A.B. asks: 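There's a structure below that I have some questions on.
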Amino acid sequence: QVQLVESGGGLVQAGGSLRLSCAASGRTFSSYGMGWFRQAPGKEREFVGGINWSGHTTYYADSVKGRFTISRDNAKNTVYLQMNSLKPEDTAVYYCAASSKGQAFGVSYDYWGQGTQVTVSS
């Protein structure tokens, strides 16, 4: 069982930055692939990006590539989403998720956090 808690959301102006954190419980965090998803009002949840268990491989949606960076610290059981050059269309609830497959793309996710709101004003 893995519990995930996101933090770091908030209100930021367009062009600004935020760093989201996702703290995980459990001793097996380092074996999980981790993903970030988001869901805007009236829209389906979408994959933002992910990182494999070792941190050596990352994936990004085209909409955030070059602006967002995912990293992880397995010693701290935490995965991060650094968001730069934010746009109003990045406004959404952001969720982190864990995959027991160890990878972050093309896999199912077993555990989800409760989400954190990110609002980007124009």
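Only a predicted model underlies this, so the values are computations on that prediction, with no experimental measurement involved.
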A.B. asks: Looking at K87 and D90, is there a salt bridge between them, counting it only when a charged N and a carboxylate O are closer than 4.0 Å?
C.D. replies: no

A.B. asks: How would you list, by chain and number, every residue that makes a side chain to side chain donor-acceptor pair (under 3.5 Å) with Q117, sequence neighbours excluded?
C.D. replies: T119

A.B. asks: What's the separation between atom CG in L4 and atom CZ in F29, rounded to the nearest 0.5 Å?
C.D. replies: 8.0 Å

A.B. asks: Between atom CG of N52 and atom CD1 of I70, what is the distance when rounded to the nearest 0.5 Å?
C.D. replies: 11.0 Å

A.B. asks: How far apart are the closest heavy atoms of N74 and N77, and which atoms are they?
C.D. replies: O-OD1, 3.2 Å

A.B. asks: In this structure, would L81 and Y111 fall into the same cluster of hydrophobic residues linked by side-chain contacts under 4.5 Å?
C.D. replies: yes

A.B. asks: Should M34 and C22 be marked as a side-chain contact (heavy atoms from CB on, under 4.5 Å) after you check the CA-CA gap, both sets of side-chain angles, and the distance that decides it?
C.D. replies: CA-CA 9 Å; M34 299 297 296; C22 174; 4.2 Å; yes

A.B. asks: Can you tell me if OH on Y60 sees more than 12 non-hydrogen neighbours from other groups inside 6.0 Å?
C.D. replies: yes

A.B. asks: Mark yes or no: R72 above the aromatic ring of W53, with NZ or CZ under 6.0 Å from the six-membered ring centre and no more than 45 degrees from the axis.
C.D. replies: no

A.B. asks: Determine the minimum heavy-atom distance between A92 and A40, stating which atoms define it.
C.D. replies: CB-N, 3.8 Å

A.B. asks: Any link between L86 and Y95 through a network of hydrophobic side chains (Ile, Leu, Val, Met, Phe, Trp, Tyr) touching at under 4.5 Å?
C.D. replies: no

A.B. asks: Test your reading of the model: is there a side-chain donor-acceptor pair from Q103 to the backbone of V107, 3.5 Å cut-off?
C.D. replies: no

A.B. asks: Which heavy atom in L11 sits nearest to a heavy atom in S121, and how many Å separate them?
C.D. replies: CD1-CB, 4.3 Å

A.B. asks: Please round to the nearest 0.5 Å and tell me the distance separating atom CD of Q3 and atom CD of Q1.
C.D. replies: 6.5 Å

A.B. asks: For E89, enumerate each residue passing the salt bridge (charged side-chain N to carboxylate O under 4.0 Å, His left out) test, keeping only those at least two apart in sequence or located in another chain.
C.D. replies: none

A.B. asks: Looking at every non-hydrogen atom in both residues, tell me the closest pair between G33 and Y109 and how far apart they are.
C.D. replies: O-CE2, 4.2 Å

A.B. asks: State yes or no: do V118 and W112 share one hydrophobic cluster built from I, L, V, M, F, W and Y residues joined by side-chain heavy-atom distances below 4.5 Å, directly or via other members?
C.D. replies: no

A.B. asks: Which value, rounded to the nearest 0.5 Å, describes the distance between F37 atom CZ and E44 atom CD?
C.D. replies: 13.0 Å

A.B. asks: Pair V79, I51 - check side-chain contact (heavy atoms from CB on, under 4.5 Å), show working.
C.D. replies: CA-CA 9 Å; V79 62; I51 188 166; 4.0 Å; yes

A.B. asks: Write down the atom of G115, the atom of E6, and the distance for their closest heavy-atom approach.
C.D. replies: N-OE1, 2.9 Å

A.B. asks: Could you tell me the separation between the CD atom of Q82 and the CG atom of L18, rounded to the nearest 0.5 Å?
C.D. replies: 8.5 Å

A.B. asks: Can you give me the closest heavy-atom contact between S100 and D110, atom names plus distance?
C.D. replies: N-OD2, 2.7 Å

A.B. asks: Between the side chains of D73 and T78, does any donor sit under 3.5 Å from an acceptor?
C.D. replies: no

A.B. asks: Please check if F47 and V64 belong to a single hydrophobic cluster, counting links between Ile, Leu, Val, Met, Phe, Trp and Tyr side chain heavy atoms closer than 4.5 Å.
C.D. replies: no

A.B. asks: Atom CZ of F68 and atom CG of L20: how far apart are they, to the nearest 0.5 Å?
C.D. replies: 8.0 Å

A.B. asks: Output all residues satisfying side chain to side chain donor-acceptor pair (under 3.5 Å) with E46, sequence neighbours left out; order by chain, then residue number.
C.D. replies: R38

A.B. asks: Given 3.5 Å as the limit, does a donor-acceptor pair link the side chain of S25 with the main chain of V2, or not?
C.D. replies: no

